[in-house]
Amino acid sequence: ESSLLRQVSSLLRRLPAIESEKFQDDFM
Amino acid sequence: EEQVLIIREKLAELYESEQQWSKAAQMLSGIDLDSGMRVIDDTFRLSKCVQIARLYLEDDDAINAEAFINKASFLVSSSQHEVLNLQYKVCYARILDLKRKFLEAALRYYDISQIEKRQIGDETIDEEALEQALSAAVTCTILAAAGPQRSRVLATLYKDERCSKLKIYPILQKVYLERILRKPEIDAFAEELKPHQKAILPDNFTVLDRAMIEHNLLSASKLYTNISFEELGTLLGIAPHKAEKIASRMIYEDRMRGSIDQVEAVIHFEDDTEELQQWDQQIVSLCQALNDILDGMAKKGL
Amino acid sequence: MDIEERQAEIIDHFVKQATANKDAALGSIIAEATSHPSLFAFSEILAVPNVAELEGTENTVILDLLRLFAHGTWSDFKSNAGHLPHLVPDQVLKLKQLTVLTLAETNKVLPYDLLMLELDVANVRELEDFLINECMYAGIVRGKLDQLRRCFEVQFAAGRDLRPGQLGSMIQTLSNWLGTSDSLLVSIQEKIKWADTMSELDNKHRKDLEDRVEDVKKSLS
């Protein structure tokens, strides 16, 4: 099912949900 | 007074036939509607006020028209005369438009465009008139200053499927989707505007310029983390210092979140949401996307 | 995934067209598909038997072109231009859009210099206009342009067709994600249990204290 595979591929690229120094500081 | 009234009405008719609207309006204005000498019913008073306002509006004279619409506003609430009431609404919307109170004008135009009856008294309300009112509502909303109330009206108009048939729809769509409008699109939109909507403001911008630059600035703030004023000027099609001036005013008026580094000549746009909240939002949309995929698989029997 | 919903019908249309035609006739169909402004997926068309049968025939170039749009980039085209048909502007635009999707597969932050190199773009304004008008407003990517750091931060990118061999690593990533999620849930469960235990201990400790206060009061009275 190519469409589903493309959707999964796009979904995986959204991981990790966020990456930024500011986030790390806020998160800690 | 009766004779004076008849003569004035006759003269006004003649002025009107020669399209000397303001002279016709002045002629009718001389009628003493508050005279104690004879009984004048409210409907007559209302009809005269509305007629005078409409004549002044033919010459885009909002000031004089407003004076008579204000008089009419005391009479219209008790009037059962639907035609007059409709004409009053149209005059009022046009006066707000001429006074550049665009958002209020848009709401009234939109209200007029939603009339269901196609026959009011001996007046036929044709589709084209309603479409004109709807188009005027869209134009005024686009020209209104960017902000949450304008966004709400934009959403209402965008979701009204009648708008998708309007010539102005592509612009409405881009404005609603907060997309940058390029110069060719703005020029095409400018051709549809009335003279007062292209008037030069005290800060040397036209009404249209200001509305478009503010819109494009907000659209750029959705696309950029930061941008140099040089590049912003190129993107908006204006001089960099003008872009900086408008951006600083919007930030000051809290209509856009950001900060300006004048040394680097860069504007930093800020996200309304905190980093942690953004993280939450990203996770929510990730889970939503995952659900969409699982639903898609279920639909396909996988 | 509105990009997938938008192109589902278009894919069906071209799959039907490809199924109903053979050999050279497929050329115009593939050219039309690779020029269509809203189509960014080609593996379904690649899977049509008539298309696969082009392999090794004098029309194999049609198959190569479709493979390029399914998995390749603008750079791939330039390095094979001699063996591929000439691209019309719509195809060039699409291949560059697909190139952005491929670049976004490996990094969430795309440097302007890399993008300008890969897309053959001369300056920042032209690059940003391309990313804004042809990528973000086309709905294939979402993100933020950072002029100071000269990079494009990708928040969402539509999925491209999977290249042969990519499925394994995707399954691996999903397994890792599943493992991480499971262990996260376990550790959250433990934290909850720990918190419950601690609150029970606190409550017991507070009750003991209250009892002792009562005893002292009684002994005093």
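Order of the sequence lines fixes the chain letters, A, B, ..., with proteins taken first and strands second; residue numbering starts at 1 for each chain. The model shown is predicted, which means the values in this text are computed figures rather than measured ones.
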Check: residues 137-151 of chain B side-chain donor-acceptor pairs under 3.5 Å, at least two apart:
residue	atom	partner	partner atom	Å
B:Thr139	OG1	B:Ser135	O	3.0
B:Thr141	OG1	B:Ala137	O	2.7
B:Arg150	NE	B:Thr141	O	3.0
B:Arg150	NE	B:Ala144	O	3.1
B:Arg150	NH2	B:Ile142	O	3.2
B:Ser151	OG	B:Gly147	O	2.9

Contacts of type side chain to side chain donor-acceptor pair (under 3.5 Å), residue A:Arg6, not counting sequence neighbours
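Side chain to side chain donor-acceptor pair (under 3.5 Å) list for A:Arg6, sorted by chain: C:Glu4, C:Ser43, C:Glu44, C:Asp161.
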
Pairing residues for B:Asn204 by the side chain to side chain donor-acceptor pair (under 3.5 Å) criterion, not counting sequence neighbours
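So B:Asn204 forms no side chain to side chain donor-acceptor pair (under 3.5 Å) with any residue.
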
What pair of heavy atoms forms the shortest contact from B:Ile293 to A:Leu11, and how long is it?
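The answer is CD1-CD2, 3.9 Å.
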
Check this for me: [X], atom [atom1], are more than 12 non-hydrogen atoms of other residues, nucleotides or ligands nearer than 6.0 Å?
X	atom1	value
B:Lys167	NZ	no
B:Lys222	NZ	yes
B:Lys165	NZ	yes

Give me the contact list for residues 294-302 of chain B versus chain A, heavy atoms only, anything under 4.5 Å, ordered by residue number.
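Residues in range: B:Gly296, B:Met297, B:Lys300, B:Leu302.
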
